A.B. asks: 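Got a structure for you, questions after.
Keep in mind that this is a model prediction, so the values were computed, not measured. Scope of the values below: all heavy atoms of this structure, side chains included, with no hydrogens, waters or symmetry mates. Numbers here are sequence positions counted from 1.
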Amino acid sequence: MSNLPGRFLVCAAAFALAAAACSSGPKTEVKARPAEPRTVVHPLTGVEYKGLEPWMNRPVLAIKIGNAPPERPQAGLDKADLVYEEIVEGGTTRFMAIFSTNDVQRIGPVRSARKVDPTLLAPLQALFGYSGGAPSTIRVLRSSSGFTDVGVDRESSAYQRDRSRSSPYNLYTSASELWSGHSGAAPAAQFRFLKESADASAGSTEAATDISFAFGGNGSSRVRYVYKSESGRYEREQNGTQHTVEGSEPLTYRNIVVQTVKLSAGYSIDKAGYRTHDIATTGSGEAIVFRGGKAIRGTWQRTSSSEPFRLITTTGRPIALAPGNTIVELLPQGQPVSIAKPAA
């Protein structure tokens with residue numbers, strides 16, 4: 001019995017040493033799983049991005065680009081995320097090219113503004129680059145809000161003349177120069193978009209692989225788009241010739257939106273004696289959306305120039321675009337759209 005306390009102490013000491021040895025061993029740390037990058041949908045293209053992108057922290061840039069014969073081929077037009085085409089004097093057209101994702105170093109030829117431009121710019125909160133305009137147009141621009149003026153009269157150092165081309169078709173600029181010194185953010189979404197995994201041809205039974213129309217009754221500015229199934233894009237022709245940009249790249253789009261708009265006579269006369277047009281971009285009108293080789297018919301609706309256009313089917317459902325670049329054709333009312341089906 002006299003040895004029991006000693007044995008108890010020895011056992012207790014051995015147990016304590018073993019516990020200490022266990023407690024001093026390597027520890028396993030449980031690390032938190034890093035959060036998945038948030039998916040952000042580009043407001044002009046519907047393309048999904050993960051992580052930070054330069055376009056998220058800068059305003060979009062809208063540039064007026066000419067489309068008369070001496071102005072083709074254009075520079076940078078194929079890199080725009082969204083393009084509006086509008087009629088100007090004499091039946092020719094002009095583009096408002098909107099850049100967000102691409103820092104394009106040569107854009108042009110830069111041409112003058114029109115009264116319709118502030119109504120297209122308002123929901124974008126864009127920087128607006130252009131080369132002058134009629135006095136009445138400049139008064140409208142100066143009194144409008146919803147954009148920042150970075151035209152040649154305000155940012156002259158960002159524009160250069162190309163002496164290899166004739167004036168006034170030789171003024172060029174770059175996105176980086178116009179973005180420099182201007183902070184901001186991307187705008188709200190301008191369209192509804194399909195998921196990138198969705199079939200762009202779904203939702204319509206009307207095949208449309210060959211589309212043509214003209215902005216003038218005399219056949220001026222005849223435009224044709226031919227769908228290329230291998231790329232899922234529409235290739236543009238202008239007056240019977242493939243429309244290419246500098247470098248001979250064809251001009252192509254994932255989506256074509258044809259919006260019928262009302263024209264009225266403007267108050268200005270250009271140097272050639274042509275009267276300007278006023279283009280209505282609020283209210284409603286017929287619309288056809290082309291994506292994935294199919295046509296979706298409906299209407300465009302807009303109650304205020306501060307909001308984006310809404311595209312609605314004939315049954316009242318929203319029309320979504322395929323992810324990618326888009327051209328919106330502001331086609332004068334009364335100009336027919338020809339749609340050819342693929343050959344059997």
A.B. asks: Are the side chains of L141 and P118 in contact, using a 4.5 Å heavy-atom criterion?
C.D. replies: yes

A.B. asks: Can you confirm whether Q301 is buried at CD, in the sense that more than 12 heavy atoms of other residues, nucleotides or ligands lie under 6.0 Å from that atom?
C.D. replies: yes

A.B. asks: Using the rule that Ile, Leu, Val, Met, Phe, Trp and Tyr join whenever any side-chain heavy atoms are under 4.5 Å apart, tell me whether V104 and V47 fall into a single cluster.
C.D. replies: no

A.B. asks: Y49 and L52: same hydrophobic cluster, using ILVMFWY side-chain contacts below 4.5 Å?
C.D. replies: yes

A.B. asks: How far does CD1 of I63 sit from CG of L61, to the nearest 0.5 angstrom?
C.D. replies: 4.0 Å

A.B. asks: Quick one: sort the Y225 and Y253 rings into parallel, tilted or perpendicular, breaks at 30° and 60°.
C.D. replies: perpendicular

A.B. asks: Just checking, any donor-acceptor pair under 3.5 angstrom between side chains of T45 and D81?
C.D. replies: no

A.B. asks: Side chain of R291, backbone of A322: donor and acceptor closer than 3.5 Å?
C.D. replies: no

A.B. asks: Starting from the C-alpha separation in whole Å, work towards a yes-or-no answer on side chain to side chain contact (heavy atoms under 4.5 Å, CB included) for I339 and R297.
C.D. replies: CA-CA 12 Å; I339 302 174; R297 296 179 183 270; 3.4 Å; yes

A.B. asks: Please answer: with hydrophobic residues joined when any side-chain heavy atoms are less than 4.5 Å apart, are I327 and F215 in the same cluster?
C.D. replies: yes

A.B. asks: Can you tell me if R94 and S112 form a side-chain donor-acceptor pair at under 3.5 Å?
C.D. replies: yes

A.B. asks: When rounded to the nearest 0.5 angstrom, what is the spacing between CG in L171 and CD in Q160?
C.D. replies: 8.0 Å

A.B. asks: Check the hydrophobic clustering (I, L, V, M, F, W, Y; side-chain heavy atoms under 4.5 Å; chains of links allowed) and say if F99 and V152 are grouped together.
C.D. replies: yes

A.B. asks: Indicate the atoms forming the closest heavy-atom contact of L44 with Q190, along with that distance.
C.D. replies: CD2-CG, 3.5 Å

A.B. asks: Can you name the closest pair of heavy atoms from I107 and A175 and give their distance?
C.D. replies: CD1-N, 3.8 Å

A.B. asks: If you apply the rule side chain to side chain donor-acceptor pair (under 3.5 Å), what do you find for T303 with E307, and how did you get there?
C.D. replies: CA-CA 8 Å; T303 58; E307 65 185 34; 3.0 Å; yes

A.B. asks: How many angstroms lie between OG1 in T326 and CG in L321, if you round to the nearest 0.5 Å?
C.D. replies: 5.0 Å

A.B. asks: When you compare the side chain of I279 with that of I87, does any pair of heavy atoms fall below 4.5 Å?
C.D. replies: yes

A.B. asks: Can you give me the closest heavy-atom contact between T252 and N325, atom names plus distance?
C.D. replies: O-ND2, 3.0 Å

A.B. asks: Any side-chain donor paired with an acceptor under 3.5 Å for S100 and H42?
C.D. replies: yes

A.B. asks: If you link ILVMFWY side chains whenever their heavy atoms are less than 4.5 Å apart, which other residues fall into the same cluster as L194? By chain and number, please.
C.D. replies: none

A.B. asks: When you look at V257 and L311, which way does the side chain to side chain contact (heavy atoms under 4.5 Å, CB included) test go after all the steps?
C.D. replies: CA-CA 9 Å; V257 181; L311 301 170; 4.0 Å; yes

A.B. asks: Which hydrophobic side chains are connected to Y169, either touching it within the sub-4.5 Å cutoff or through other members that do?
C.D. replies: none

A.B. asks: Whether the Y130 and D149 side chains hold a donor-acceptor pair (N or O, under 3.5 Å, no angle test) is what I'd like checked.
C.D. replies: yes

A.B. asks: Which distance, rounded to the nearest 0.5 Å, do you find between the CZ of R58 and the CG of D103?
C.D. replies: 5.5 Å

A.B. asks: Side-chain contact, heavy-atom cut-off 4.5 Å: P336 with F213?
C.D. replies: no

A.B. asks: Can you confirm whether L121 sits close enough to M96 that some side-chain heavy atom of one is under 4.5 Å from a side-chain heavy atom of the other?
C.D. replies: yes

A.B. asks: Could you check whether any side-chain N or O of N170 sits under 3.5 Å from a backbone N or O of R165, counting only pairs where one atom can act as donor and the other as acceptor?
C.D. replies: yes

A.B. asks: What distance do T244 atom OG1 and D78 atom CG have between them, rounded to the nearest 0.5 Å?
C.D. replies: 10.0 Å

A.B. asks: Can you say whether the rings of F95 and H243 are parallel (under 30°), tilted (30 to 60°) or perpendicular (over 60°)?
C.D. replies: tilted

A.B. asks: Using modelled atom types only, decide if a donor and an acceptor are shared between the side chain of S221 and the backbone of G91 within a distance under 3.5 Å.
C.D. replies: yes

A.B. asks: Considering only NZ, NE, NH1 and NH2 on the basic side and carboxylate oxygens on the acidic side, decide whether K79 and E249 come within less than 4.0 Å.
C.D. replies: no

A.B. asks: Please find the pair of heavy atoms, one from P43 and one from W55, that lie closest to each other, and give the distance.
C.D. replies: CD-CZ3, 3.8 Å

A.B. asks: In Å, rounded to the nearest 0.5 Å, how long is the span from CZ of R111 to CD1 of I65?
C.D. replies: 12.0 Å

A.B. asks: Quick one: does any side-chain atom of S143 pair with a main-chain N or O of V140 as donor and acceptor, under 3.5 Å?
C.D. replies: yes

A.B. asks: Would you confirm whether Q333, through its side chain, and K262, through its main-chain N or O, come within 3.5 Å as a donor-acceptor pair?
C.D. replies: no

A.B. asks: Inspect the surroundings of CZ in R142 and state if more than 12 heavy atoms from other residues, nucleotides or ligands are less than 6.0 Å away.
C.D. replies: yes

A.B. asks: More than 12 non-hydrogen atoms from neighbouring residues, nucleotides or ligands closer than 6.0 Å to CZ on R161, yes or no?
C.D. replies: yes

A.B. asks: Minimum heavy-atom separation for V60 to P187, with atom names?
C.D. replies: CG1-CD, 3.6 Å

A.B. asks: Restricting to non-hydrogen atoms, name the atom on P318 and the atom on T313 that form the minimum distance, rounded to 0.1 Å.
C.D. replies: O-CG2, 4.5 Å

A.B. asks: Ion pair present between E89 and R114, side-chain N to carboxylate O less than 4.0 angstrom?
C.D. replies: yes

A.B. asks: E237: what forms a salt bridge (Lys or Arg N to Asp or Glu O under 4.0 Å) with it, not counting sequence neighbours?
C.D. replies: R224

A.B. asks: Is a donor from one side chain sitting under 3.5 angstrom from an acceptor on the other, for E85 and T93?
C.D. replies: yes

A.B. asks: Is it the case that the side chain of T260 and the backbone of G285 share a donor-acceptor pair, with hydrogens and angles ignored and the cut-off at 3.5 Å?
C.D. replies: no

A.B. asks: Between F147 and F128, what is the ring plane arrangement, given parallel below 30°, perpendicular above 60°, and tilted in between?
C.D. replies: perpendicular

A.B. asks: Side-chain heavy atoms nearer than 4.5 Å, only ILVMFWY residues, links allowed to pass through others: does that put V337 and Y234 together?
C.D. replies: yes

A.B. asks: Report yes or no: does R302 contribute a side-chain atom to a donor-acceptor pair with the main-chain N or O of S305 at less than 3.5 Å?
C.D. replies: yes

A.B. asks: Do the side chains of N255 and F191 get nearer than 4.5 Å, heavy atoms only?
C.D. replies: no

A.B. asks: Could you tell me whether the side chain of E196 and the main chain of E48 form a donor-acceptor pair under 3.5 Å?
C.D. replies: yes

A.B. asks: Under 30°, 30 to 60°, or over 60°: which ring-plane class applies to W300 and F309, parallel, tilted or perpendicular?
C.D. replies: perpendicular

A.B. asks: State whether the side chain of Q335 and the backbone N or O of P332 hold a donor-acceptor pair below 3.5 Å, judged by distance alone.
C.D. replies: no

A.B. asks: One pair to check against side chain to side chain contact (heavy atoms under 4.5 Å, CB included): S212 and R222. What are the steps and the verdict?
C.D. replies: CA-CA 7 Å; S212 58; R222 290 180 291 110; over 6 Å; no

A.B. asks: Between N67 and Q74, is the side chain to side chain contact (heavy atoms under 4.5 Å, CB included) condition met? List the steps.
C.D. replies: CA-CA 8 Å; N67 191 38; Q74 295 92 346; 3.0 Å; yes

